[in-house]
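Reading through the structure tokens given below for one structure.
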Amino acid sequence: MLNERLYELMSGIRGYVPETEVPTLFAGLALLKYSGRDLLKNLVLQSKEQLEETLAEITSRLDVSLLSSFTSEFKSIVDEIPDATYRSLLTAANNLQANDLMKVATTYGIWHGGKDSFITVPTEISKLLVGLADIQPGDSLLDPTAGVGGVLVETLHYQPGLIVGQETNVTVAQIGYLNLLVNGANKKQLKFYTNDVLLHPHYLNEFGKFDKIVQVVPFGFRLSSSLDNDEYGRFPFGPLSKMAGTLAYISNAISSLKPTGGKAVVLVSAGDLYRGGSEARIRKNILAYDLIETVISLPANMFYSTGIETAIIVLDNDKPSQSEKQVQFIKVNDEMTRSTRTNKQLKAEALERILELYHSKKEVPGLAANIPVSDIENGDLSVESYIKQVEFTVNGEEIHVNYKKLQSLDTLTLGRVAEIGRGYNFSSKDESDTGEYQVIRITDLTETGIDYTKLISVNPRQVDLSSYLVRKGDILLSVRGSTNKVELIEEEHDKLLVHANLVSLRVRAGYDEHFLKLYLESSLGQILLATLARGTTVKQISIQDLRLLPVPNLSLARQQEIVASYQRKKLQVEQKLAAIRREERDIQHDFYDSTGMGEAFEIEEG
């Protein structure tokens, strides 16, 4: 019923109110409804001027500088709506609750990208963030990137004593403030600021430090200004590059907590957990202070506006004794979600399970693990580095992986048995019909082998191409995407390059290329390759990780024996399948003849 009423409302104003102004319109209607149950009904027969005066009175009584421009913005929107449509809008809005009207303001599709964009946080994600924060009655709360206040609204159930938000965009901040007010926040306990929090943390001057912080960091955020000389000393963990925007927010959150008992729960892009360089050094420094309690990975497509994988970091400057000098990792898999038309949603029972694991610190294979800080290398906080998927479905088979058993087996690393080469990253400018070289791309790897008929020709600008040339016996492996294709160069080629989306494996003496190819394309090899893939949008295996892939430690003779046996048995199976197909065809021919019509159809034998 609610959706039908909202659809009626949206249909009525379509063509009169731009999408970017819908939130302000509905936030104003929500405030009017919140201020008096029959106020909208009483205004239906009044002039637009009366509605605007009434809203101005209400915002004036609130006495919040943030709302100083709100009435005029609301007025400019209402003035564009025809009179009959305007009255129908008020009538329909009167039949809804104030928080339902506010849901339109906070979730309607606006600001898709650009500097004014914000993230609409799904309710179940807000519940998880707030549940992890362990908010106590009377706690002071901060959301430094509050957006429309969705996460802070969820904190109201825990009776905080102070709620503070900061948001760069004024209109978004206005809606965020009203969202909290309409949903029950006490005006005296509520404060919203506007401005870039990394440059101007206004809340520090008025309120100082906080008990709890909940925050969703803008995805893909880059620093536009240096933070080296911050007057509040909020970035003590190392120099921040432009790419380290997320770590700047994390550092700000840590520095905004009270010295003891402070906890911050921050949602970030999964890529922020493992990128190298200066970002890795900052993560290592944060780990050295033992401030990271838990890292929780979330699947892709949990948000409405992006399909990237995300993660939650719980920072605690007073970690429980059971968590000292270690980090808890929790992996949320697809089975813990349900798919909708727009995104994936966390199941209610999964939310409870995650919170139970967080508080108990239980270890569950494939789901939760506690890792000593000393075992975390290069500041790598990727959950997949410490919790491996244990159940796989490959070629219709359910396969369970026992990683402890795998570690005890006699294996070598791929880097020991093969030289791993990177592919050549050419541009369209290198392509030429008369090019001296040909390039094998991932699309040239087919189910029946390498399709040499569709290779493109290039005249590369790079002088030394020796490291990109392939030769007979090289194995090509795709390391980007969801499928890891494997092919073998069966013949010698003079000027054949491998593309950047592929890597070449040149087998060292003592290992057989045919055996390695069979191993990599087998269900076992594909599962192990899948565990190495990382990425927020497109999965990719790094050369460094690929070198560590375990491969069987067998003598060359034994490898060749296995290959010969495999090929012989495979040929036998193919011959049997061919015989079955011929038998099936004969049965069909018998049917044609039995109909009495077979004489009219001449069947050519293939």
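Ring pair H499/F426: centre-to-centre distance below 6.0 Å. For Y289 and F237, the ring centers sit closer than 6.0 Å to each other.
For the atom pair NZ (K361) and OG1 (T294), the distance works out to 4.0 Å, reported to the nearest 0.5 Å. Distance check, rounded to the nearest 0.5 Å: OG of S478 to CD1 of I541 gives 8.0 Å. Atom CD of Q326 and atom CD1 of I376 lie 9.5 Å apart (nearest 0.5 Å). Interatomic distance, CD1 of I286 versus CG of L291, reported as 7.5 Å (0.5 Å rounding). Considering OH of Y468 and CG of L496, their distance stands at 15.0 Å, rounded to 0.5 Å.
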Walk me through whether E436 and K495 qualify under salt bridge (Lys or Arg N to Asp or Glu O under 4.0 Å). CA-CA 7 Å; E436 184 180 0; K495 294 184 176 181; 2.2 Å; yes
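In summary, the side chains of R534 and S385 do present a donor paired with an acceptor at a separation below 3.5 Å, with no hydrogens or angles considered. Checking Y358 against E293 by side-chain atom types alone, a donor-acceptor pair falls below 3.5 Å. A donor and an acceptor atom, one from each side chain of S542 and D545, are located under 3.5 Å apart. For the residue pair N553 / D410, a side-chain donor-acceptor distance below 3.5 Å is found, with atom types taken as modelled. Side chains of E384 and S382: a donor-acceptor N/O pair is present below 3.5 angstrom, by distance only.
I420 is not listed as a side-chain neighbour of S504, based on a closest heavy-atom distance of 4.5 Å or more. Contact of the L315 side chain with the I213 side chain is not registered, since no non-hydrogen atoms from C-beta on lie closer than 4.5 Å.
Using cut-offs of 30° and 60° on the angle between ring planes, the pair Y452 and H493 is parallel.
We find that K485 and E521 are not joined by a salt bridge, their nearest charged nitrogen and carboxylate oxygen being 4.0 Å or further apart.
With hydrogens and angles ignored, the 3.5 Å screen pairs no side-chain donor or acceptor of Q540 with any backbone N or O of A533.
By the 6.0 Å contact criterion, CZ on R338 is enclosed, its count of non-hydrogen atoms from other residues, nucleotides or ligands being greater than 12.
The two residues P299 and K344 have their closest heavy-atom pair at CB-NZ, 4.3 Å.
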